[in-house]
Amino acid sequence: HGTEGLLDQRLHEALDLCLSCKACKSECPSNVDLAKLKSEVWQKKYDQFGIPTRDRMVRDSAQMAARFSGPLAPFINQLQKTQLFRSTLDKTIGIEKERTLPSYASQPFYKWFEQRKASTPANNTRQVVLFADTYLNFHEPNIGIAATELLEACGYEVIIAHVGCCQRPRISQGFLKDAKADGLQTALKLDVFLRQGLKVVVCEPSCASALNDDLPDLIEDIELGTRLKNGIQMIDVFLSEAIDAGHIEKNFETVAKEIHIHGHCHQKALYGTGSMKRFLDQTASTDIVEIPSGCCGMAGSFGYEKEHYDLSKKIGDQVLFPAIRKMSEDAAIVACGVSCRHQIEHFTGRKALHWVEVIKSQSKPI
């Protein structure tokens, strides 16, 4: 009932609690994507009232990751863990002092890939493109390594797409003008592969949703948007379709006898966890359990924000954290979302793995 329209403070207070989980897109009878509406409102808020420092950090997180990974990483990582650093961020820009910001990799994934490619000749006939997202590239290259090795074991020559950020942080935080400009450049670089008929596979669900769900609505080139929607897939979906096409024998093993899955919100809303579970189910000796959890509570930067920290914990406490605490020590926890993995480790002390890290292929390409 306010008179300020999209700039009304009460609207901002309500949308501030939106986790941008995209569940509404799949569960609402009208498929209303409230996360996209929130982003539009936040852009108007920035235009009118300016950009807080904390939001600027989220906007520029991809550039910061590229700058701080590599030789600077050990120093930056140690600094981020100190009480002084965390307390300073808490008091100045509102990042909860109980949190430690994500660590940076001493060797980015793309550098590992370049070195390996130079020493390992390609011997597979089929090709697939692996999108080197910001998290995989500069924070957790172990996931990129595991994905590369799995794809190669399944008979694919892996081509890396080190082409820039998917714009997920900017899209979710409402920086749509920046996301449109830089996202178009990322899309055009990916289109080089898509026009060749190659599939681009993504490990991080929120990156996949940015590339084939959000960016197509932002950019003005409709045909390019359609190619993004059709040519970019989650890695488990791609491999599941490869099995259906008869390209891969169904012969896999896992690293644990018991695996518990927590699905990322965007993964559950847009792609499902069925393809991932299908692979895991190939191993008869492994017990697969999907935790009936909703959002983990981290939701990108939401759980790092001081005013949302307690709520972030309460969301995880509903189902996810109690389920993890009941697991045996030998059980593996699968969480494909980087935010989910950080949230789980922070509140339970258990380290979650990406799907590609728990499954190994014993298959021979057909």
Side-chain angles (χ1 to χ4, degrees), residues 51-119 130-148 160-173 175 178-179 182-183 185-186 189 202-204 206-207 210 298 300-306 337-346 351-354 356-357:
I51 307 171
T53 300
R54 187 176 67 189
D55 293 352
R56 290 179 186 273
M57 285 184 62
V58 176
R59 181 194 65 185
D60 300 333
S61 58
Q63 291 90 329
M64 291 170 58
R67 187 180 307 120
F68 293 153
S69 64
L72 287 176
F75 171 75
I76 298 295
N77 294 342
Q78 191 60 39
L79 175 64
Q80 290 184 157
K81 294 176 183 177
T82 64
Q83 184 66 41
L84 177 60
F85 181 83
R86 290 186 285 115
S87 295
T88 300
L89 290 187
D90 184 285
K91 293 177 181 177
T92 56
I93 61 176
I95 293 180
E96 171 57 44
K97 62 181 179 297
E98 295 299 321
R99 297 281 192 187
T100 299
L101 294 177
S103 297
Y104 298 100
S106 295
Q107 183 186 43
F109 167 68
Y110 78 92
K111 287 189 175 294
W112 172 89
F113 189 90
E114 289 173 352
Q115 292 175 3
R116 186 171 185 272
K117 185 176 181 180
S119 60
L130 176 62
F131 177 67
D133 66 70
T134 298
Y135 313 112
L136 176 156
N137 224 351
F138 303 117
H139 294 284
E140 298 181 284
N142 50 292
I143 294 173
I145 293 170
T148 300
I160 188 176
H162 176 43
V163 296
C165 180
C166 69
Q167 304 302 307
R168 167 52 61 205
R170 289 177 172 178
I171 292 171
S172 293
Q173 205 69 16
F175 293 101
D178 295 318
D182 290 349
Q185 298 308 308
T186 298
K189 292 174 183 176
V202 185
C203 291
E204 170 64 36
S206 63
C207 293
M298 182 65 92
S301 64
F302 182 89
Y304 284 98
E305 296 164 0
K306 184 176 182 179
V338 61
S339 294
C340 305
R341 293 192 295 274
H342 290 175
Q343 179 82 329
I344 288 169
E345 186 168 10
H346 179 79
K351 183 176 177 59
L353 303 172
H354 191 284
V356 297
E357 295 181 287

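Only heavy atoms go into these numbers, but all of them, side chains included; no hydrogens, no water, no symmetry mates.
When atom types are taken as modelled, the side chain of Q80 and the backbone of P102 share a donor-acceptor pair closer than 3.5 angstrom. Counting only distance, with no hydrogens or angles, the side chain of E96 and the backbone of E98 share a donor-acceptor pair below 3.5 Å. In this structure a side-chain-to-backbone donor-acceptor pair under 3.5 Å is present from N77 to A73. In this structure a side-chain-to-backbone donor-acceptor pair under 3.5 Å is missing from R54 to E305. Under the 3.5 Å distance criterion, the side-chain polar atoms of R86 are matched with a main-chain donor or acceptor of K81.
Closest heavy-atom contact between P141 and P108: CB-C, 4.4 Å. Summarising the geometry of T92 relative to T88, their closest heavy-atom pair is OG1-O, 2.6 Å, with the distance given to 0.1 Å. The two residues P71 and P74 make their nearest non-hydrogen contact at O-CD, 3.4 Å. Minimum interatomic distance between R56 and I51 (heavy atoms only, all atoms of both residues): NE-O, 3.2 Å. Here the closest non-hydrogen pair linking C203 and A147 is SG-CB, 3.7 Å.
Side-chain contact between F109 and I160 is present, with heavy atoms from C-beta onward closer than 4.5 Å. For the pair F131/L136, no side-chain contact is recorded, criterion being any heavy-atom separation below 4.5 Å from C-beta on. Annotation: side chain of I143 is in contact with side chain of R341 (closest heavy-atom distance under 4.5 Å). The shortest distance between side-chain heavy atoms of N137 and T134 does not fall below 4.5 Å. Here the side chains of H346 and M298 are not in contact, with every heavy-atom distance at 4.5 Å or above. Inter-residue side-chain proximity for R168 and D133 is flagged as unmet; no heavy-atom pair is nearer than 4.5 Å. Inter-residue side-chain proximity for Q107 and Q115 is flagged as met; some heavy-atom pair is nearer than 4.5 Å. Contact annotation: the side chain of L101 approaches that of Y304 to within less than 4.5 Å [non-hydrogen atoms, C-beta and beyond].
Between Y135 atom OH and S206 atom OG the span is 5.0 Å, to the nearest 0.5 Å. Expressed to the nearest 0.5 Å, how far CD of E204 lies from NE2 of H139 amounts to 11.0 Å. If you take OG on S103 and CZ on F68, they are separated by 13.0 Å, rounding to the nearest 0.5 Å. Atom CD of Q78 and atom CZ of F85 lie 12.0 Å apart (nearest 0.5 Å). In this structure, CD1 in I344 is found 11.0 Å from NZ in K351, a value given to the nearest 0.5 Å. The CZ atom of F138 sits 9.0 Å away from atom NZ of K111, with the distance rounded to the nearest 0.5 Å.
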Show your working on side-chain contact (heavy atoms from CB on, under 4.5 Å) between L79 and T82 and close with a plain yes or no.
-> CA-CA 6 Å; L79 175 64; T82 64; 4.3 Å; yes
Test S301 against D55 for side-chain contact (heavy atoms from CB on, under 4.5 Å), laying out the working first.
-> CA-CA 9 Å; S301 64; D55 293 352; over 6 Å; no
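Between Q167 and T186, the side chains place no donor N or O within less than 3.5 Å of an acceptor N or O (distance only, hydrogens not considered). One side chain, R99 or Q343, offers a donor N or O that lies under 3.5 Å from an acceptor on the other.
Between H162 and Y110, the two ring planes are parallel [angle under 30°; tilted spans 30° to 60°].
At a threshold of 4.0 Å, the pair R170-D182 counts as salt-bridged, since one of the basic side-chain nitrogens sits closer than that to a carboxylate oxygen.
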